[in-house]
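Here, residue 1 is the first one in the sequence, and each next residue gets the next number.
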Amino acid sequence: MMDIVDDQTPRDQLRAADADRERVAEHLRSAHAEGRLDLVEYDDRVQRAWAARTYGDLDMLTADLPSGWSAPSPHRSRSGPPLPAEGGGRERRHRHAMHARATLAAWLSLSVINVMIWAVVCLTTWRWIYPWWIWVAVPWGAVLFMRWISERGDGSTPAR
């Protein structure tokens, strides 16, 4: 028997929200991390999750995965704050810190490589060459620095 939410529309035909798509994408990430999905299948399902229009579309993407996940019923009360994801703020802060470190490492690596290329060209031609690497390193570094300043100001990263 079909799960009917209102008088006419079956639940699986109701439109899904971005929050529903995000929950499915998170479930798929977990399944990939557990080794239940290979990278190609994970990528395909995440793309389909973000393109999904209905709860039925989303349910099909996780039907063969354990833990009984399904899109939340639209009949659920919308009063009160949403429940925090497993791991809560601590896991989110950890992911944010790891992302910030990776971004900083990418910037630093690219900057060092560009300076080294510039130095090698200067040394091999025996001429001073305009330090073009500044136009790569400085704007990106400035954006990272401003992001770091703004995050410290709004309290979104934990104090050390």
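Legend: salt bridge (Lys or Arg N to Asp or Glu O under 4.0 Å) pairs involving residues 37-47, not counting sequence neighbours, sorted by first then second residue: E41-R45, D44-R48, R45-D64. Residue pairs satisfying the side-chain hydrogen bond (donor to acceptor under 3.5 Å, both in side chains) criterion with at least one member in residues 128-143, sequence neighbours excluded, are listed as follows: Y130-W135.
Residues V143 and W107 are members of separate hydrophobic clusters, defined by side-chain heavy-atom contacts under 4.5 angstrom among Ile, Leu, Val, Met, Phe, Trp and Tyr. A continuous path of hydrophobic side-chain contacts links V112 to L104 [ILVMFWY only; heavy atoms under 4.5 Å]. Under a hydrophobic clustering in which Ile, Leu, Val, Met, Phe, Trp and Tyr are joined whenever their side-chain heavy atoms come within less than 4.5 Å, directly or via other members, W148 and M146 fall into the same cluster. Hydrophobic clustering of Ile, Leu, Val, Met, Phe, Trp and Tyr side chains at less than 4.5 Å, counting indirect connections, keeps I117 apart from V136. Note: the hydrophobic cluster containing V120 does not contain W118 (ILVMFWY, side chain heavy atoms under 4.5 Å, direct or indirect links).
In this structure, L28 and T62 have side chains that are in contact, with non-hydrogen atoms separated by less than 4.5 Å.
Atom CZ of R53 has 12 or fewer neighbouring heavy atoms from other residues, nucleotides or ligands inside a 6.0 Å radius.
Residue A49 comes nearest to L58 through the heavy atom pair O-CD2, 3.7 Å, listed as atom of the first residue, atom of the second, then distance.
One distance of note links CG of D57 with CZ of R21; it measures 9.0 Å at 0.5 Å rounding. From L108, atom CG reaches atom CZ of R101 across 14.5 Å, with rounding to the nearest 0.5 Å. The CZ atom of R36 sits 8.5 Å away from the NE2 atom of H27 when rounded to the nearest 0.5 Å. M60 CE to Y55 OH: the interatomic distance, rounded to the nearest 0.5 Å, is 15.5 Å.
With sequence neighbours excluded, the residues forming a side-chain contact (heavy atoms from CB on, under 4.5 Å) with T125 are V121, R127, I129, listed by chain and number.
Side-chain N/O atoms of N114 and S111 include no donor and acceptor closer than 3.5 Å.
Checking side-chain atoms of S150 against main-chain N and O of R147 turns up a donor-acceptor pair under 3.5 Å.
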Working for salt bridge (Lys or Arg N to Asp or Glu O under 4.0 Å), residues E26 and R23: CA-CA 5 Å; E26 184 61 38; R23 279 190 287 276; over 6 Å; no
Can D59 and R11 be said to form a side chain to side chain contact (heavy atoms under 4.5 Å, CB included), step by step? CA-CA 11 Å; D59 287 339; R11 178 191 169 281; 2.9 Å; yes
